[in-house]
Amino acid sequence: MAFQPPYSPSLFRKRDNASGASVVALDNKIEQAMDLVKNHLMYAVREEVEILKEQIRELVEKNSQLERENTLLKTLASPEQLEKFQSRLSPEEPAPETPEAPEAPGGSAV
């Protein structure tokens, strides 16, 4: 889709040819300036998109790693440990930021 300026260049054109050339030159300069602004904005947006894509990749990788770790910890934990952990979680309270070391079946920490 072609860019439409927010003004109509014909509004500024006069009927006489002497000033008509300067109006056309001014229209061209305005169009060039608008193209320059558009190019700078597009560059900035593309750069920001690339940064965000990289952040998404890193977050997806970290999420996968944490899911694998969570699965491993669940398989290594005893049913009593899982029950104890689930009882600590309530809808009002967020999960602890640093998990405690799981206890061994004998009652000592691993």
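Numbers for residues simply follow the sequence, beginning at 1.
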**Item:** side-chain contact (heavy atoms from CB on, under 4.5 Å) between Leu89 and Phe85, intermediate numbers included
**Value:** CA-CA 7 Å; Leu89 297 178; Phe85 180 73; 3.7 Å; yes

**Asked** Of all residues at least two apart in sequence or in a different chain, which pass the side chain to side chain contact (heavy atoms under 4.5 Å, CB included) check with Lys29?
**Response** none

**Summary of salt bridge (charged side-chain N to carboxylate O under 4.0 Å, His left out) pairs that have at least one residue in residues 54-63, sequence neighbours excluded** = Glu54-Arg57

**Item:** Interatomic distance, Lys74 atom NZ to Asn70 atom CG [nearest 0.5 angstrom]
**Value:** 4.5 Å

**Fill in**
Distance col, row Leu41:CG vs Leu36:CG, nearest 0.5 angstrom, shows 9.5 Å

**Prompt:** Per the side chain to side chain contact (heavy atoms under 4.5 Å, CB included) rule, which among Thr71, Leu72, Leu73 passes with Glu69?
**Reply:** Leu73

**Message:** Can you tell me how far apart CG (Leu66) and CZ (Arg68) are? Round to the nearest 0.5 Å.
**Reply:** 9.0 Å

**Request:** Using the test side chain to side chain donor-acceptor pair (under 3.5 Å), find all partners of Gln65 that sit at least two apart in sequence or belong to another chain.
**Result:** none

